[in-house]
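Single-structure report; data block below.
We use all heavy atoms of the structure for the numbers below, so side chains are in, but hydrogens, waters and symmetry mates are not. Note that ligands are numbered from 1 as they come in the structure, with each ligand's atoms numbered from 1 the same way.
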Amino acid sequence: MQFNTIIEPFRIKAVEPIRFTTREYRETALAQAGYNPFLLRAEDILIDLLTDSGTGAMSSRQWAGMMMGDESYAGARSFYRFEAAVKKITGLAYVLPTHQGRAAERILFGTMLKPGDIVPNNTHFDTTRANIEDRGATALDIPVAIARSPQFIAPFKGDMDLAALETLLTEKREQIPLVMLTVTNNSGGGQPVSMANIRGASELCRAHDVPFFLDACRFAENAWFIKLREEGYADKTPLAIAQEMFSYADGCTMSAKKDGMANIGGFLAMNDGALAEECRNREILGEGFPTYGGLAGYDLEAIAAGLEEVVDEDYLHYRIRSVEYLGERMDAIGVPYIKPTGGHALYLDAAGMLPHIPWYEYPAWALALALYVEGGVRAVEIGSVMFGHQPDGTEKPAAMELVRLAFPRRVYTQSHVDYLAEVLEYLNGMKEEIRGVEMVYDPKVLRHFTARFAMR
Ligand code: F0G
């Protein structure tokens, strides 16, 4: 007998209470936070879907491993265990631990980039872009065209436009010190990249003698999508698929706060020994000695165990299916979102849901506020508040007005998802009443973190 209910592939050993509040309480809390969910106290939130980064639950095995952490300054046993776990998956020769993903980016770009350089990617994540721009270089997004059509259903909307990459490498080779590919494509809806695309990008880079790096934050989710969707991979294990993905790369940056299943950590890995040496020297300046890289020995243990657990088929099935299940519930009630659902998040299409709110009254921000007031759920706006401010001081609408519902790993159960679907159904029923907002404090840099608003 085939049973269809997706049950969480774990039982719960430690619990952390979440706090129920009233609608009135949340209205006051939100007003006090200047109508900015980033400024709420986490205690006042029932279900927190702000990010999947560092917010996951660790296993009893990871916690037990932490007691085994070797806190030696240099050459700790925990480093060698961590290094072996990273090498098993990536096959890359040199592994540098870092305190999180952006530290790996900073070391890599600090070593490889100079002003005027260009770094192509399917879509750069904000910190990647910021670290490249900090070097005076250009972060160039070249996703496939369908990535920009929210309703278009395709298996690998995270792919890079290889024709565009080829043109760039032919015409501007001298300005391109490396090419990156982000798996899965977070800023593009959490969509996966196909093995064919990874291989294709790698072949182009090799033909032009340019190093090819993966931004590997969600490599296991990407491997699972390849297993489900790409011909020839159905019978392969997620580990074998991940190993093939990395076999095409010359290096990677990684935030272990995602598919490392840890609350903190990351790494930089590569095959080029001379480059590794330069990166290690830079690492010592900011992160620490290269066998701990800004982490405690126990963090290295947690990541080593997390990397083993993240490629478990039952886990990945539950993980991807949970988000897909929320998508099915949204289909049933007619709430628009980026299709198909991504690996770590569902991205609500607020412009489609709230056409009565113009972009300059920030429909996605307004939807995120309503989600909190009505349901106690926190999500993040990815729209004109985050991206509308232009370098020349003007305002322009973002390409899309999205609310990202990111799922922390192994934290919430199906009943939390059912509750969320119920809240969204309610919001959809009263959507004409949802009002836009006015930005009353508009900080010039990364304004979504600290901006303040008034209700329209
Ligand atoms: N690359 C990608 C694709 C990411 O999603 C992130 C973080 C990073 C790099 C940076 O890693 O946070 O460890 O320094 N994304 C989080 C998010 C913050 O909410 O999507 P980090």
Side-chain angles (χ1 to χ4, degrees), residues 37-38 42 48-56 86 96-110 119-134 139 141 143 147 157-158 160 178 180-193 198 213-222 225 245 249 251-269 283 286-287 293-295 299 302-303 306-307 310 323 338 342-347 368 378-383 386-387 402-409 411 446 448-449:
F38 278 102
D48 201 347
L49 306 179
L50 191 66
T51 177
D52 66 320
S53 182
T55 51
V86 174
L96 286 67
T98 59
H99 83 274
Q100 61 184 86
R102 66 198 69 179
E105 294 163 4
R106 194 168 175 77
I107 293 168
L108 182 69
F109 301 144
V119 183
N121 198 332
N122 47 355
T123 311
H124 289 278
F125 181 67
D126 325 17
T127 59
T128 321
R129 169 173 292 281
N131 271 302
I132 290 169
E133 290 173 355
D134 190 54
D141 293 342
K157 286 171 81 176
M160 177 183 266
L178 80 160
M180 295 202 68
L181 187 62
T182 306
V183 295
T184 56
N185 186 0
N186 181 17
S187 309
Q191 301 292 320
V193 180
I198 299 173
F213 274 66
L214 292 178
D215 176 340
C217 295
R218 300 176 180 86
F219 74 92
E221 292 172 8
N222 200 87
F225 280 119
M245 286 164 52
C252 74
T253 56
M254 171 77 186
S255 168
K257 301 171 75 171
K258 283 85 169 175
D259 278 352
M261 304 276 239
N263 299 125
I264 195 74
F267 56 85
L268 171 62
E283 162 156 58
E287 291 287 287
L295 296 171
D299 295 321
I303 297 166
L307 289 172
V310 78
V323 184
I338 294 196
H344 64 298
L346 181 140
Y347 296 65
R378 177 159 69 171
V380 68
E381 187 247 25
I382 302 186
M386 195 180 269
F387 295 125
L402 305 174
V403 174
R404 184 183 76 169
L405 303 166
F407 284 44
R409 290 170 182 73
V411 169
L446 293 173
H448 52 288
F449 290 129

- Item | Cys217 heavy atom under 4.0 Å from ligand 1 | yes
- Message: Tell me whether Gln100 has any N or O atom under 3.5 angstrom from an N or O of ligand 1.
- Response: yes
- Would you say Lys257 and ligand 1 have an N/O pair spaced under 3.5 Å apart? no
- At under 4.0 Å between heavy atoms, what of Arg106 touches ligand 1? The answer is neither
- Message: Considering both backbone and side-chain atoms of Ser255, is one of its nitrogen or oxygen atoms within less than 3.5 Å of a nitrogen or oxygen in ligand 1?
- Response: yes
- Query: Is any N or O atom of Asp215, backbone or side chain, closer than 3.5 Å to an N or O atom of ligand 1?
  - Reply: yes
- Task: Any atoms of ligand 1 less than 4.0 Å from a non-hydrogen atom of Arg404? List them with their elements.
- Result: 17 (C), 19 (O), 20 (O)
- Item | Residue and atom name of the nearest protein heavy atom (relative to atom 8 (C) of ligand 1), distance in Å to one decimal | Phe125 CD2, 3.4 Å
- Just which atoms of ligand 1 are under 4.0 Å from any heavy atom in Thr182? 3 (C)
- Query: Hey, is the main chain of Lys157 close enough, under 3.5 Å, to the side chain of Asn185 for a donor-acceptor pair?
  - Reply: no
- Looking at Glu105, which atoms of ligand 1 are within less than 4.0 Å of one of its heavy atoms? 1 (N), 9 (C)
- Query: Which ligand 1 atoms, with their elements, are less than 4.0 angstrom from a heavy-atom of Arg218?
  - Reply: 3 (C), 4 (C), 5 (O), 20 (O)
